[in-house]
Amino acid sequence: EVQLLESGGGLAQPGGSLRLSCVASGFTFSAYAMNWVRQTPGKGLEWVSAVSATGSRTYYADSVKGRFTISRDNSKNTVNLQMDSLRDEDTAVYYCAKDPSGSYWGHNWFDPWGQGALVTVST
Amino acid sequence: QFVLTQPPSVSGAPGQRVTISCTGSSSNIGDGYDVHWYQQLPGTAPKLLIYGNSNRPSGVSDRFSGSRSGTSASLAITGLQAEDEGDYYCQTYDSSLNNSIFGGGTKLTVV
């Protein structure tokens, strides 16, 4: 069974940092691109970032470019999202999600999704 | 507010058929990009329901079907069941934004 398990969520102050991790199991992790998607009550679902299967290519939404960094460790079946210079509007549940391809093409679907990690940015 | 427009809510009685629309534009659905649909039951993560406009992943009931035409797509649910209550989202790619995008979501109520 394919499973994704996020960790690292919590409370951060504006301007602060948090690091999310997602451990994968049940599939050949190194063969697939991985994504982070976030969900807020007001803005709904928003794709945040993706990393190719090898980790050589990374992609970001404009809203997080320059502040978030995605990376992966294929030896540990893990994808990470380093979130710096956090803003109030980054408050959301963050999901990691598997891509059906080894590369991120933007038009692919996400399946499956992890259970989510809540990130709250507040003073 | 959302590039992909979905009705905020739909409802139907058990056993009935409902459809959820997803309206885009010439830079996304109208440009030929595939549409995917997700189901989010209360307190859970989104789950892939339909991919590539009309394909069901293994394990998804054939009560769910999808279609795409022009700048819109639709999700149909037949034989409504109480367990179908939740939120439904469409997703596609937008060539102007150069991003994967989601609709605002539709809350399905089985009355």
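A quick note: this is a predicted structure, and the numbers were derived from the prediction, not measured. In what follows, every heavy atom counts, from backbone to side chain, and hydrogens, waters and symmetry copies are set aside. Throughout, protein chains are lettered first and strands after them, A, B, ... in sequence-line order, and every chain is numbered starting at 1.
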Chain B heavy atoms under 4.5 Å from [X]: which part of the residue, side chain, backbone, both or neither?
X	value
A:Val37	side chain
A:Asn35	neither
A:Phe110	both

Report the distance from atom [atom1] of [X] to atom [atom2] of [Y], rounding to the nearest 0.5 Å.
X	Y	atom1	atom2	result
B:Lys47	A:Asp111	NZ	CG	9.5 Å
B:Ser100	A:Glu46	OG	CD	10.5 Å
A:Gln39	B:Gln40	CD	CD	4.0 Å

| request: Among A:Trp47, A:Trp109, A:Tyr95, single out the residue with the greatest number of heavy-atom pairs under 4.5 Å to chain B. | output: A:Trp109

| message | Quick check: do B:Pro46 and A:Leu45 have side-chain heavy atoms less than 4.5 Å from each other? | response | yes

| query | Within a radius of less than 6.0 Å around OH of A:Tyr60, do more than 12 heavy atoms belonging to other residues, nucleotides or ligands occur? | reply |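 For A:Tyr60, atom OH is crowded (more than 12 foreign heavy atoms under 6.0 Å).
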
| query | Does atom CZ of A:Arg57 have more than 12 heavy-atom neighbours from other groups under 6.0 Å away? | reply |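 No.
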
Verify same cluster id: [X], [Y] (apolar side-chain graph, 4.5 Å):
X	Y	value
A:Tyr104	A:Tyr94	no
B:Leu48	B:Val35	no
A:Val64	A:Val51	yes
B:Phe64	B:Val18	yes
B:Val3	B:Trp37	yes

| request: May I ask you to decide if A:Asn108's main-chain N or O and B:Gln91's side chain share a donor-acceptor pair within less than 3.5 Å? | output: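 Answer holds: yes.
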
| Just by distance, do the side chain of A:His107 and the backbone of B:Asn99 share a donor-acceptor pair under 3.5 Å? |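 No; judged by distance alone, with no hydrogens or angles, the pair does not exist.
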
| task | For the residue pair B:Phe102 and A:Trp113, categorise the inter-ring angle as parallel (less than 30°), tilted (30 to 60°) or perpendicular (more than 60°). | result |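 Perpendicular.
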
